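Accompanying notes for the structure given below.
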Amino acid sequence: MKVFKFGGASVKDAAGVKNVQNVLEKTGNGPKVIVISAMGKTTNALEIVIKDYLFEKQIPESLQAVEDVHFEIINELFAEIQSPVFNKINTLFTELRNFLQHNKSEQYDFVYDQVICYGELVSTTIVSEYLNSQNIANNWLDARHFVKTDSVYRDAGVNWEDTQEAIQTNLNINQVNITQGFIGSDPNNFTTTLGREGSDYTAAIFAYCLNAENVTIWKDVPGVLNADPREFQNPELLQQISYEEAIELAFYGASVIHPKTLQPLQQKEIPLFVKPFLNPESEGTKVGKGQLIFPEIPCFIVKKDLVLISLSTLDFSFMVEENISEVFRLFHQYQMKVDLIQNSAISFSVCVDNKFNQLEKLIQHLKARFKVSFVPGVSLFTIRHFNDEAIKSLEKDKEILLKQLTHNTLQIVTRN
C-alpha cells in the first residue's frame, strides 16, 4: 500500500485533474490511498465566504463564485460524458447552503471548519469521478469517517486509537481509495480541521495506520529545496534529508512539508518522497533514515507577519521560572505559537505567530504583570547549516531587531 498526496496547485484546474491520471499511469497500478486538497485557491475563497457570512448573517454572494469555478472545471472535464458528478457537486453545495441558512453558532472557529471542508469534499469528488470515467477505478472516502479528533476547531488533535481502528477496520486496502486531506471529525461528528497545510499530515496519518510502503507528496517544485523560490533566488534541490533534519526545517517554517507530517512516519520508518507532479518520473527528494542532508548546503527559511514581544518585570526583578511559566501559560491560553525565544536576567523576548488574532487580549493580560513592548508584522529568517557567505547575503539591507546563533542555526528578526 502506498499513499499519494496531491496539493491544491496540482488540481487547480481541469488540466491538473487530467495530470493526476497521468501521474497514476506513469507510477504504476496497485492499491493506494490518494489524499487530495481543495482546488487551487479554494480554501482562501471559502475563508472570504465565512467572513462575509458572519458579517452579513446570511448566505453571501461570494459563495456563488466558488461554485462557478468548480462547475467550469466540471464542464471542461465531463463535457461529453454523462456523469453523476454534476448531481453530486450540486448536492454538496446544497448541503453547504443549508448549513449557512440554519446555523446558529457565531463561533468563528466552529463555523470555519464546517464550511472550509467543502473545498476538499468537492475536489475529491471531481477527481474521483474523472478517474472512474477514465477507467481508473477508485473508491471515494469521506475522511471524517476515518480521521477522529478532539474538538479544537481549526487545529484539532488526532485521536490515534480511534483513527487507527476506523482506518484498519473500514478501509479496503486492495483498491485505489481517494479521500480528503486536512479534515476530520470530533466525538459529536462535527467537522474539524488539522490546521492549514494539514493535507500532508492526513497522508502521514493514513500511512501510519496502514503501515504503508511509502508516502509521496506531489508538488509544483522539483522536491525539497534549500529555499522557497518565491522568497529567495536560485534555490537548490536537496536530494536526501533525514527525518530529524526535515522536522527541524518544518519547525522553523519550511513550507514544503507540514510540521506534523514527519513524526508518525519517523515512528514507523516510512519513507517520504517529495516529487514534481509535472515530472513524476524524476527523483525528487527522499526523506528517511540516513545522511542528515545531501548536498550539505545552507537552507533558508522565512516566516512573515509575526509579532516580536519584549517583556521585563515591573520591579526589575529577575525573569526566572515563576515569571516565565506565567508567560507561557498565557501564550497557551491565547493560542500563540512561539517561534523564537531569547532571555536575559531581567528581560524576555519572544517571536510569536498571532494565528488566532488574540494579540490584543494577550498584551492586556501581560501588562498586568510585566512591562511590555511589541512590534507586529516582523519577519523571522532562519538559516540551517549557515556559513559566512550565507549570513552576509541574508543580513544585507535588513533592519535586525534580534539575532540568535546556535551551533548550526542562525535566526534573525527583522522589521518588514
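Just so it is clear, the model here is predicted, and its values are computed rather than measured. This chain uses plain numbering: 1 for the first residue, then up along the sequence.
- We find that Lys392 and Glu389 are not joined by a salt bridge, their nearest charged nitrogen and carboxylate oxygen being 4.0 Å or further apart.
- The cationic group of Lys398 lies under 6.0 Å from the six-membered ring centre of Phe381 and within 45° of the ring axis, placing it in a cation-pi geometry.
- In this model, no donor atom of one side chain and acceptor atom of the other lie less than 3.5 Å apart for Asp113 and Thr191.
- Using cut-offs of 30° and 60° for the angle between ring planes, the Phe206 and Phe146 rings count as tilted.
- Atom NZ of Lys303 has more than 12 heavy atoms from other residues, nucleotides or ligands within 6.0 Å.
- With salt bridges taken as basic N to acidic carboxylate O contacts below 4.0 Å, one links Lys304 and Glu231.
- Side-chain contact of Gln358 with Gln335: a donor-acceptor pair under 3.5 Å is present, judged by distance alone.
- More than 12 non-hydrogen atoms from other residues, nucleotides or ligands lie less than 6.0 angstrom from CD of Gln107.
- Checked against the 6.0 Å centroid threshold, Phe110 and Phe190 count as a close aromatic pair.
- In this structure, a donor-acceptor pair under 3.5 Å is present between the side chains of Thr382 and Gln411.
- For the side chain to side chain contact (heavy atoms under 4.5 Å, CB included) with Leu77, the lone residue among Glu129, Lys18, Gln134 that qualifies is Lys18.
- Residues Glu399 and Thr414 have side chains that never bring a donor and an acceptor to within less than 3.5 angstrom of each other.
- Around CG of Asn29, the count of heavy atoms belonging to other residues, nucleotides or ligands within 6.0 Å does not exceed 12.
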What do the steps show when you test Lys355 against Asp305 for salt bridge (Lys or Arg N to Asp or Glu O under 4.0 Å), and what is the final call?
CA-CA 10 Å; Lys355 175 182 177 180; Asp305 297 320; over 6 Å; no
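- Between Lys148 and Glu161 there is no salt bridge, since none of the side-chain N atoms of the basic residue sits less than 4.0 Å from a carboxylate O of the acidic one.
- Neither side chain, Thr202 nor Ser199, offers a donor N or O lying under 3.5 Å from an acceptor on the other.
- Cation-pi check for Lys268 over Tyr243 is not met; the charged atom does not lie both under 6.0 angstrom from the ring centroid and within 45 degrees of its normal.
- A salt bridge does not link Glu283 with Lys275: none of the charged nitrogens is closer than 4.0 Å to a carboxylate oxygen.
- Using a cut-off of 4.0 Å between Lys/Arg side-chain N and Asp/Glu carboxylate O, Arg369 and Asp315 are scored as not salt-bridged.
- Inspection of the Asn354 and Tyr334 side chains reveals no N or O donor paired with an N or O acceptor under 3.5 Å.
- In summary, the side chains of Arg144 and Asn189 do not present any donor paired with an acceptor at a separation below 3.5 Å, with no hydrogens or angles considered.
- In this structure, Ile178 CD1 and Thr125 OG1 are separated by 9.5 Å, a value rounded to the nearest 0.5 Å.
- Looking at Ser151 and Asp186, their side chains do bring a donor and an acceptor atom within 3.5 Å of each other.
- Between Tyr108 and Asn357, the side chains place no donor N or O within less than 3.5 Å of an acceptor N or O (distance only, hydrogens not considered).
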